[in-house]
Amino acid sequence: MADNKALTPRATDFSAWYNELIMKAQLADYSPVRGCMVIRPNGYAIWEQMQAALDRMFKDTGHQNAYFPLFIPQSFLAREAEHVEGFAPETAVVTHGGGKLLDEPLVVRPTSETIIYAMYAKWIQSYRDLPLLINQWANVVRWELRTRLFLRTTEFLWQEGHTAHATEAEAEAETLMILGLYRNFMEQWMAMPVLTGRKTNSERFAGALRTYSCEALMQDNKALQAGTSHNLGQNFARAFEVRYQSQEGKEEYVWNTSWGVSTRLVGGLIMTHGDDTGLICPPRLAQYQVVIVPIYKADAERAAMLEAADKVKAELQTAGIRVHIDGREGIKPGAKYYEWETRGVPFRFELGPRDVAGGTVMLARRTGGAKEPLSLEGIGPRMVQEVGRMQHDLLNAATLRREHNSFRHPETKQAFIDYLEGGGGFVYAGWCGDPAVEAEIKEQTKATIRVIPDAEFRSSEAPAKCIWTGRPAVAEVVWARAY
RNA sequence: CGGGACGUAGCGCAGUCCGGUAGCGCACUGCAAUGGGGUUGCAGGGGUCGCGGGUUCAAAUCCCGCCGUCCCGACCA
């Protein structure tokens with residue numbers, strides 16, 4: 001096991017807390033290769049739960065999985081001007097194979113648009129082939145200078161959806177549908193509230209027409225871009241000659257979308273719910289939703305408690321609850337409690353002789369509150385209810401925190417600056433639409449426009465003026481320092 | 001790539017100034033007791049002191065070179 005000391009409190013050093021939590025909960029470890037990360041079983045289990053939920057959602061909306069290769073001919077990347085400009089600086093390039101210099105270097109995919117649309121060009125002939133809705137689960141490599149476990153690593157795991165449509169409207173509808181799907185996943189599964197909206201041009205995906213994103217606010221009041229969905233327009237279709245014959249018999253370029261979420265979400269989960277004890281994993285994503293700690297003295301008691309635990313486990317499993325019995329010997333119950341709390345298990349059952357005699361278990365919730373004896377009668381349905389409630393409570397608490405750390409209608413430029421420099425979260429303010437102003441604000445405050453928010457997130461009264469220049473505002477935008 | 005710090009057991013460190021048997025805490029292994037919130041006791045295992053060279057009877061320690069890591073700045077899911 002890892003060391004037994006408490007974590008650095010979040011208030012003391014948030015970043016140290018984050019790193020220590022990951023080590024202590026054994027979610028990941030540093031690899032021998034700089035910037036890379038080993039995802040350990042505890043961390044990978046969360047990712048697997050995420051994958052399972054998202055994969056179901058993608059399939060329910062008509063997508064199929066496929067797999068495209070890791071290596072991309074370097075020339076492919078160059079075919080779309082903005083794309084190559086955006087990604088070339090951070091690619092890893094393979095120059096040798098089998099001991100020989102390659103005729104053409106191979107890029108290790110930083111994202112797969114180019115190779116996928118090269119293939120789509122072969123597969124799509126007619127409007128009858130559209131829409132083409134494909135997703136892939138893959139690893140990608142981006143040669144980052146500054147890395148953080150889960151949040152930004154040189155190699156990371158993700159899914160990337162790539163679709164082709166006959167019309168711009170269809171592509172836009174797909175882009176927005178996925179944005180909503182992501183939001184739903186983040187709220188309902190991760191219990192992580194997000195703002196949705198459009199990115200400004202400077203934050204747009206390299207090669208996209210428009211980029212939309214989900215933005216979450218972490219406990220240190222920094223924003224996390226949690227997922228993006230791009231309307232690629234016909235940029236890649238033109239670069240890769242992805243054309244189809246329309247119903248009217250005309251040759252047209254397809255309209256593409258691409259969208260992705262990554263293992264970064266695990267980092268978002270940690271920084272949304274974690275506390276000074278460790279991880280708090282929302283029950284819907286937890287590897288184990290309930291851990292049973294048997295309590296005993298003599299050997300005879302141990303056997304009886306384990307047997308009772310098995311029965312409880314079976315009942316919970318029947319109700320669809322994921323359960324683990326911690327029957328390890330030589331570790332005191334208290335030590336087990338701390339360990340499972342660090343790992344974020346939502347519910348703990350303590351099961352000892354007194355409970356068995358009384359037909360109860362002692363329930364402890366990871367989110368706090370007093371321990372509570374539960375009757376074994378109907379324990380399955382009861383825990384299903386508890387899972388739903390904790391899921392709801394976590395989302396609620398995170399939403400309240402975000403709103404508490406949001407600032408609408410700063411009166412003056414100085415108030416805007418003060419809020420950001422004082423460690424504030426999301427600031428809603430008017431913007432004149434000038435990219436130079438956006439850059440200047442970033443320069444001075446380190447904050448960027450996270451998103452031009454969707455209608456439901458906008459302030460009831462739209463700001464009339466740009467917070468920086470006083471010129472007429474083209475939109476209300478959300479500013480924050482970001483990961 | 002620029003500025004700063006640091007490399008000694010799995011982790012955290014002391015020892016380096018002033019050369020002389022490689023240590024401490026935690027973790028780990030075994031046994032026993034303990035067991036409803038981080039358990040004690042006893043006994044153990046584990047080190048090319050980042051790498052290479054030099055000085056010296058003798059180098060973790062002094063000198064030279066290299067490598068690596070972390071933090072701060074320019075780029076980013």
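Chain identifiers are assigned alphabetically (A, B, ...) following the order of the sequence lines, protein sequences preceding nucleic acid strands; residue numbering begins at 1 within each chain.
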Whole-Å distance between [N] [atom2] and [X] [atom1]?
X       : N      : atom1 : atom2 : answer
E350(A) : G38(B) : CD    : P     : 12 Å
Y296(A) : U34(B) : OH    : C1'   : 12 Å
K336(A) : G37(B) : NZ    : C1'   : 13 Å
E301(A) : G36(B) : CD    : P     : 11 Å
M192(A) : A77(B) : CE    : C1'   : 12 Å
W143(A) : C1(B)  : CH2   : C1'   : 16 Å
D13(A)  : C71(B) : CG    : C1'   : 11 Å
R142(A) : C76(B) : CZ    : P     : 11 Å

[X] (side chain) and [N] (base): donor-acceptor pair under 3.5 Å:
X       : N      : answer
R302(A) : G35(B) : no
E329(A) : G35(B) : no
R152(A) : C76(B) : yes

[Y] versus [X], side-chain donor and acceptor atoms under 3.5 Å:
X       : Y       : value
H230(A) : T211(A) : yes
N235(A) : Y117(A) : no
T8(A)   : E20(A)  : yes
S202(A) : R204(A) : no

How is [X] classified with respect to the nucleic acid when contacts are heavy atoms under 4.0 Å: base, sugar-phosphate, or nothing?
X       : value
T153(A) : base
Q225(A) : sugar-phosphate
G330(A) : base
E155(A) : nothing
F156(A) : base
T228(A) : nothing
L151(A) : base
P333(A) : sugar-phosphate

Across all strands, who's sitting opposite [N] as a Watson-Crick or G-U wobble pair, both distances under 3.5 Å?
N      : value
A58(B) : none
C75(B) : none
G47(B) : none
G30(B) : C42(B)
U69(B) : A5(B)
G25(B) : C11(B)
G19(B) : none

Taking atom [atom1] in both [N] and [M], what distance in whole Å separates the two?
N      : M      : atom1 : result
G12(B) : C1(B)  : C1'   : 32 Å
A22(B) : G65(B) : C1'   : 26 Å
C57(B) : U69(B) : C1'   : 36 Å
U16(B) : G2(B)  : P     : 33 Å
C6(B)  : G10(B) : P     : 22 Å
G52(B) : A59(B) : P     : 14 Å
G15(B) : C24(B) : C1'   : 10 Å
A5(B)  : G46(B) : P     : 37 Å

Has K332(A) got a side-chain N or O lying under 4.0 Å from the OP1 or OP2 atom of G36(B)?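 For K332(A), the contact criterion (side-chain N or O under 4.0 Å from OP1 or OP2 of G36(B)) is met.
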Does E372(A) come within less than 4.0 Å of R382(A), counting only side-chain N to carboxylate O?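 Salt bridge present between E372(A) and R382(A).
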May I ask you to say whether E90(A) pairs ionically with R152(A), meaning some side-chain N is under 4.0 Å from a carboxylate O?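 Salt bridge flag = no for R152(A) with E90(A).
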Given G73(B), G36(B), A77(B), identify the nucleotide with an atom nearest to the side chain of Y337(A).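 Nearest to the side chain of Y337(A) among the choices is G36(B).
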Please pick, from C75(B), G36(B), G73(B), the nucleotide with the shortest atom-to-atom distance to any side-chain atom of P353(A).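 That would be G36(B).
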With rounding to the nearest 0.5 angstrom, report the CG to CG distance, L179(A) to D454(A).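 It is 6.5 Å, given to the nearest 0.5 Å.
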Y338(A) stacking on G38(B): centroids under 5.5 Å, ring planes under 30°?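 According to the criterion (under 5.5 Å, under 30°), yes, Y338(A) stacks.
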Pi-cation contact, F426(A) with R402(A) (under 6.0 Å, within 45°):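 Output no; distance or angle outside limits.
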Judged by each residue's nearest nucleotide on RNA chain B, which is more toward the 5′ side, G334(A) or R148(A)?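 Of the two residues, G334(A) wins.
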Would you kindly compare R348(A) and W158(A) by the position of their nearest RNA chain B nucleotide and give the one closer to the 5′ end?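 Whichever sits nearer the 5' end wins; that is R348(A).
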